[in-house]
Number of protein chains: 2
Amino acid sequence: MDEKDMKILEILMKDGRKPYTEIAKMLNTSESSVRKRIRKMEEEGIIKGYRAEVEPSKIGYNVVALTGFDTNPEDFLTVAKKLCEFEEVKKVWTSTGDHMIMTEIWARDGKELSEILFNKLGKIDGVKKICPAIILEELK
Amino acid sequence: MDEKDMKILEILMKDGRKPYTEIAKMLNTSESSVRKRIRKMEEEGIIKGYRAEVEPSKIGYNVVALTGFDTNPEDFLTVAKKLCEFEEVKKVWTSTGDHMIMTEIWARDGKELSEILFNKLGKIDGVKKICPAIILEELK
DNA sequence: TTTGAAAATTGGCCTAA
DNA sequence: TTAGGCCAATTTTCAAA
């Protein structure tokens with residue numbers, strides 16, 4: 001990881017499909033140099049992958065909620081793992097602060113979110129409290 | 001947006017660089033069909049872009065915090081926009097729930113996080129309270 | 001770093017529903 | 001009108017030396 005690797009990363013975080021040749025031009029270096037650096041960062045796990053970023057509202061998911069979960073301390077990890085299994089749950093973090101588990105959940109509307117939260121996730125063994133925060137706008 | 005588009009999206013959300021030819025094979029269709037569908041979804045804003053996903057700890061960012069901000073109602077949007085300007089602030093959402101503004105912040109260590117939160121972001125006009133939750137593990 | 005072959009992307013034009 | 005098939009030119013990727 002040097003200066004050049006860092007610049008490559010910045011470029012790829014903005015545009016994960018930018019061709020090696022273009023990146024090489026931007027950094028005044030060769031395509032093969034860029035490619036080998038990227039390959040190495042992929043192998044080392046610095047680059048975990050490439051993802052298309054999708055606008056949920058355009059595919060019918062009009063409600064996205066950052067949702068905290070509280071559990072008994074002993075159930076914490078099993079709950080977190082269980083949450084990962086649900087397709088609607090796009091992200092799961094364990095964290096300090098108000099809630100030990102934080103998630104990002106996609107739903108088609110408020111009704112569906114309510115069903116997901118209270119009929120599905122709320123019934124997971126060990127869940128004590130659910131704290132949803134509906135995202136109004138993604139500014140960055 | 002039909003069934004086929006949805007499947008293409010699912011593939012690209014997992015691997016944003018998968019070649020059209022491979023996607024076509026997976027869906028038993030032609031490369032040109034896949035390509036034209038993707039182009040259309042890009043133009044319509046369904047696909048907002050492609051990003052390399054980076055492991056922050058591998059490039060020296062050992063502390064990532066989901067951080068809520070409370071403001072006066074009248075300062076809320078200006079604060080949110082101001083937060084977007086900081087390089088350390090990777091994500092900014094406005095939301096309901098405990099905090100009107102939620103962010104994801106990357107720092108090299110606890111000391112740096114503390115500096116960012118209290119010396120930089122905390123001094124933005126209108127910020128009343130900062131609620132950081134350090135991410136322990138990203139499970140999904 | 002350079003080179004050349006293979007693969008992927010792109011654009012245009014065509015047909016069919 | 002729109003989705004998809006087809007072909008040809010260009011660009012990108014990749015693995016040698």
Side-chain angles (χ1 to χ4, degrees), chain A residues 1-64 87-88 90 106-109 112 138 140, chain B residues 1-61 87 90 106 138 140:
Chain A
M1 277 299 303
D2 59 6
E3 185 68 19
K4 203 180 261 185
D5 281 336
M6 201 57 216
K7 279 188 182 159
I8 292 173
L9 279 188
E10 278 165 20
I11 291 168
L12 287 177
M13 285 195 286
K14 285 204 199 84
D15 179 4
R17 298 188 69 147
K18 193 172 279 293
Y20 306 145
T21 47
E22 272 187 54
I23 298 173
K25 268 185 204 164
M26 292 167 76
L27 303 186
N28 269 58
T29 180
S30 71
E31 177 266 337
S32 68
S33 160
V34 168
R35 181 158 43 83
K36 278 165 190 168
R37 282 168 177 272
I38 291 175
R39 197 65 73 246
K40 196 166 170 224
M41 290 194 282
E42 288 168 353
E43 281 162 6
E44 287 172 353
I46 295 173
I47 296 174
K48 287 190 284 185
Y50 302 88
R51 322 258 172 253
E53 194 183 337
V54 171
E55 171 57 45
S57 67
K58 298 230 177 183
I59 57 171
Y61 292 89
N62 294 295
V63 179
V64 178
E87 214 223 326
E88 303 93 331
K90 300 293 178 185
W106 288 19
R108 297 186 180 280
D109 49 39
E112 191 181 274
E138 179 174 312
K140 184 173 180 180
Chain B
M1 278 300 303
D2 59 6
E3 186 68 21
K4 200 183 266 184
D5 281 335
M6 201 57 216
K7 279 187 182 159
I8 291 173
L9 279 188
E10 277 164 21
I11 292 168
L12 287 177
M13 285 196 288
K14 285 204 199 82
D15 179 2
R17 299 188 67 146
K18 193 171 280 293
Y20 305 144
T21 48
E22 273 188 53
I23 298 173
K25 268 184 206 165
M26 293 167 75
L27 303 186
N28 268 57
T29 181
S30 72
E31 177 269 337
S32 70
S33 163
V34 169
R35 173 160 48 94
K36 279 159 192 173
R37 281 167 176 272
I38 290 175
R39 195 66 70 244
K40 198 170 170 216
M41 290 193 282
E42 289 168 351
E43 282 163 5
E44 287 173 352
I46 294 173
I47 297 174
K48 287 190 283 185
Y50 302 87
R51 325 253 171 254
E53 194 183 337
V54 171
E55 172 55 46
S57 67
K58 299 233 177 180
I59 57 170
Y61 291 89
E87 214 223 326
K90 299 294 178 185
W106 289 20
E138 180 175 312
K140 184 174 181 178

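By convention in this document, chain letters (A, B, ...) are assigned in the order of the sequence lines, proteins followed by strands, and residues within each chain are numbered from 1.
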Taking all non-hydrogen atoms of both residues into account, name the closest pair between [X] and [Y] and its distance.
X        : Y         : answer
Lys18(A) : Met26(A)  : CD-SD, 3.8 Å
Val64(A) : Pro56(A)  : CG2-CG, 3.8 Å
Lys90(A) : Lys140(B) : O-CG, 3.8 Å
Glu31(B) : Ala24(B)  : N-CB, 3.6 Å
Glu44(B) : Lys58(A)  : O-NZ, 2.9 Å
Ser57(A) : Glu55(A)  : OG-OE2, 2.8 Å

Nearest to side-chain heavy atoms of Ser30(A), which nucleotide of dT12(D), dT1(C), dT13(D)
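So the nucleotide nearest the side chain must be dT1(C).
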
If you check the Ser32(B) side chain, which of dG4(D), dT12(D), dA8(C) turns out closest?
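Taking heavy atoms from C-beta onward, the closest nucleotide is dG4(D).
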
Provide the full list of ring pair (Phe, Tyr, Trp, His ring centres under 6.0 Å) pairs with a residue in residues 35-61 of chain A, sequence neighbours left out, each pair given once.
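Pairs touching residues 35-61 of chain A that pass the test: Tyr61(A)-Trp106(A).
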
Find the distance Glu31(A):CD to dT2(C):C1' and express it as a whole number of Å.
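Rounding to the nearest Å, CD of Glu31(A) and C1' of dT2(C) are 11 Å apart.
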
Taking CD1 from Ile23(A) and C1' from dT12(D), how many angstroms apart are they, rounded to a whole number?
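So the two atoms are 12 Å apart, to the nearest Å.
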
Within residues 33-54 of chain A, find the residues that approach DNA chain C with a heavy atom at under 4.0 Å, and present them sorted by residue number.
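Close to the strand are Ser33(A), Lys36(A).
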
Respond yes when some side-chain nitrogen or oxygen of Tyr20(A) is under 4.0 Å from OP1 or OP2 of dC14(D), and no when none is.
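So the side-chain polar atoms of Tyr20(A) do come within 4.0 Å of the phosphate oxygens OP1 or OP2 of dC14(D), strictly under.
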
Does anything in residues 10-18 of chain A come within less than 4.0 Å of DNA chain D? Heavy atoms only, and list the residues if so.
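Listed by number, there are none.
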
Would Glu10(A) and Lys7(A) pass as an ion pair if we require N to O under 4.0 Å?
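No.
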
